[in-house]
Amino acid sequence: MVYGLWFMANSAFAAERLIEVKAKKFVYTPNIIKVNKGDTVKLRLISEDVHHGFFVDGYGVKTSAHPGQEGSLQFVADKAGRFNFRCSVTCGALHPYMIGYLYVSPNYLFWGGAFLVIFLGLISLISALRKKQKDERLKLFGIIPLDWRFPVTKFKPVRALLKSRWFPLLPIIFNLFVFTIILMAGFIGGLSAGNYNFGVMIVWILWWVLLMTFMVPIIGRFWCMMCPFPLIGDWIQRGKLVNVGRQKSWGLGKRWVSKWRNLWPLVVLFWVSTWFSGFFTVKPFATFVLLGAIILIAIITALFFEKRTFCLFICPVSGFQGLYSNFSLFGVRSRDPEICKKHVPKTCVVGSEKGYGCPWMELPYEMNRNTYCGLCFECLKTCPYDNMDVVLRPFGQDLFAERRRTDDVYNRRGTDEAFKALTMIGIFLSFFLAFQGPFGHLKDMVTAKTFGGYLGYLSESFSVDFLLLPGLTLLFAYLSKKFSGNKEVKLKQVFVNFAYCFVPVGLAVWAAFSLGIILPNGSYLLHIISDPFSWGWNLFGTSSIPWTPVFTGIMPYLQVLATAIGLLFALDFGYKFSLRTYATVEEAKRGWVPILVFLVGVHIFFIKLFTG
Amino acid sequence: MKKNEPVAALLIILATVGTVVGILAYEKYARSGLYTVELIARSPLNGNWLARIPGGGWQSRKFTVPYGEETAIRIRNIETVSHGFALPDFKVEPPINEIKAGEVKIVKFVADKKGVFPFMCTVWCSNEHLQMNGEMTVE
Ligand code: SF4
Ligand code: SF4
Ligand SMILES: [Cu+2]
């Protein structure tokens, strides 16, 4: 009865909405359409340059228009929320990112998501305030002890596999094969449509999405384990592919500048590489140039510098993989520190006839953070006592680990890692707005349509990544310190400690971003595996499968879910960071409040970004 | 153990050089028999139609086919917008209105008239769309 009344009331207002949409590369006018639930939408699509389409996420309806030949579409807006409408006909380089927003009010999802964020914040606040004393053992969500670990190398076949000299060489060679095709497709593809190019699609749709949703959060530097880029360099340095040759490099084997033996070079290099995101994510030839340059630089670096200097300090995608790996479920760890203590010389560092000394210049026997562990498994091969394990542990264990020795690679908590965490949030923001937002002028800016616009993009990205976000974090860290009443602790320490909250947050928003890429565009993958060079091949019989977006209706829900999960971890970790930062529980509670407010605010902003 | 190194080196060469050579060879020998002429569709500002004749390099906006034979043209749209193809003087199978970006189509017809015939793009692909045409010679 109530429902009936409500329904009638609703339909009484339901109106017919006539909307005229103009499409031109790569923007719709209007780019934002607002209707009410129950309205009948009658849409005329007019193209101002080439053949464009119009597909509505969640509704699955579409039309298209040639210049001078308009398209029309009619549907009842019976689902509430924000839906992307996007181009369904390849119309230029940025075609997959030609997007507008359809609002069907009321926007329950946004309000629900914002409420959820505040609710989680309140729960966390209450449970933090009720704490009386420091726990003996840190527990993830109060349940799983954070120092819990289970060695998966207990299973004999696992250890045998990891100790084989052919592993991970074989997966690396397989990826060499895949990247050969990628490079070839990028070269042949030239300036053609990226969404029909094997290189662009595999790298920027499949690889990137796998990296952010599965590899890094679960296994850490799983990609680095099988990455083909350093293979040639390794070969040159070692003179051997499988077997163990001499430990000393055949190259010059120089040491990297000690001032830069940290994450800073990677913070800057990744940010610099995002300057070109508007090219290499859409143009096959730009992908070819980028990958080719990375391979060349990797080889040259291997000639001059020792071991995996390239991976540690130069590879643009190394930084976030390293930092975020501290969140991951798996890690390489030594089992019994006593055995390690007595073992001289330590073969995991200096190498033996069974394997090489840690190519990533870690000290495997005392490693307790994942940032610089490339999962090459040399240390499992070189340890004569089988004292190295691959362990399963709760998410985020390493975010609490302090490093005892910090004289070599600065694998410790510091401003470099803090800035990496924060810049990744800023880069997510610009990527989301440019590639999943409805703003045509932003797309023009990132693709450098005008030089001034491009400079604007660079300076905006600099201000957000390096000034605004760190600035805000610093401000709330300052408030936290003031609230806590603790005078001894250094502001820098507070800033660094709480910046680690943005590790799970970053993973979550990047996963949400990835969903917005793969769900609408994943079907292109079926085409390109059958016809990788656009030569009309049909290897697997899938080359004529048309563009088919999937799950675009639940996509915003999944994005809200990802955001909420990120917040859950950030809140749980954040309070524990607070306990570590301040001397007493009382100080920690007071100091936690500003940070909690900051995190909740940031997440309401994310919910707004994804749904509002 | 001794054999490991050459085996690995071989695998690496197969994965790189082998892959490239294999792909090019497959395209050249196994598939080139499927069509007589290859046409690349490009907007006038990007160079316009480009034709490759087997054994004879590239030509802009013109190509020649032998008289009286069944002819297959492979048309590749290597651009980022839709193009089309029409050969009004012949009955082309299957008829195509639009070749979307990245798409490849093979059309067939019987070259049963001698002379010079126009072919053109049928989709408004840019402001220069009307200049996107060329000539086919049958002899
Ligand atoms: S750091 Fe970069 S180059 Fe090195 S293994 Fe990882 S992804 Fe590959
Ligand atoms: S600690 Fe070093 S040797 Fe061991 S798996 Fe990690 S990178 Fe490889
Ligand atoms: Cu379009």
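Naming convention: chains lettered A, B, ... in sequence-line order (proteins, then strands); numbering from 1 in each chain.
Contacts of A:L231 with chain B are made by side-chain atoms alone, with heavy-atom separations under 4.5 Å and no backbone atom involved. The part of A:H66 that comes within reach of chain B is its side chain, from C-beta onward, which places non-hydrogen atoms under 4.5 angstrom from that chain. Contacts between A:V178 and chain B at a heavy-atom distance below 4.5 Å are absent for every atom of the residue. When heavy atoms are compared at a cutoff of 4.5 Å, A:L169 approaches chain B solely by way of its side chain, counted from C-beta outward. Heavy-atom distances place no part of B:E103 under 4.5 Å from chain A, backbone and side chain included. For a residue to count as touching a neighbouring chain, one of its non-hydrogen atoms must lie under 4.5 Å from one of that chain's; by this rule B:I23 touches chain A with backbone and side chain alike. In this structure, chain A has a heavy atom under 4.5 Å from the side chain of B:V123, while its backbone stays farther away.
At a heavy-atom cut-off of under 4.5 Å, chain A is reached by no residue from residues 113-121 of chain B. Applying a 4.5 Å heavy-atom cutoff, the residues of residues 530-539 of chain A that approach chain B are A:D531, A:F533, A:S534, A:W535, A:G536, A:W537. Against chain A, the residues from residues 60-77 of chain B that qualify, each with a non-hydrogen atom under 4.5 angstrom away, are B:R74, B:R76 in number order.
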side-chain contact (heavy atoms from CB on, under 4.5 Å) for A:V50 and B:S82? Distances and angles first, verdict last. CA-CA 7 Å; A:V50 296; B:S82 293; over 6 Å; no
Where do A:K240 and B:N4 land on the side-chain contact (heavy atoms from CB on, under 4.5 Å) test, with the steps shown first? CA-CA 10 Å; A:K240 294 264 165 91; B:N4 280 353; over 6 Å; no
TODO: Using the side-chain contact (heavy atoms from CB on, under 4.5 Å) rule, take B:L24 and A:M184 through it: C-alpha gap first, then chi angles, then the decisive distance, then the call.
DONE: CA-CA 10 Å; B:L24 293 177; A:M184 216 178 142; 3.8 Å; yes
Item to complete: Under the side-chain contact (heavy atoms from CB on, under 4.5 Å) rule, what do A:L241 and B:I12 come out as? Steps first, then yes or no, please.
Response: CA-CA 10 Å; A:L241 277 166; B:I12 288 178; 3.4 Å; yes
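Under a 3.5 Å cut-off, the side chain of B:T19 and the backbone N or O of A:F177 do not form any donor-acceptor pair. Counting only distance, with no hydrogens or angles, the side chain of B:E5 and the backbone of A:N243 share a donor-acceptor pair below 3.5 Å.
Most heavy-atom pairs under 4.5 Å with chain A: of the set B:E98, B:H129, B:K100, this distinction falls to B:E98. Note: A:Y196 leads A:F174, A:F179, A:Y196 in heavy-atom pairs under 4.5 Å with chain B. In terms of heavy-atom pairs under 4.5 angstrom with chain A, the leader among B:E27, B:R42, B:K105 is B:E27.
For the residue pair A:T90 and B:A101, the shortest heavy atom distance occurs at CG2-CB, 3.3 Å. Closest non-hydrogen pair, A:I173 versus B:A8, comes out as CD1-O, 4.3 Å.
Separating the CD1 atom in A:I188 from the CD1 atom in B:I78 is a distance of 11.5 Å, to the nearest 0.5 Å.
Annotation: side chain to side chain contact (heavy atoms under 4.5 Å, CB included) contacts of A:L170 (sequence neighbours excluded): A:W166, B:L11.
Summarising the local packing, CZ of A:F279 is surrounded by more than 12 heavy atoms from other residues, nucleotides or ligands at distances under 6.0 Å.
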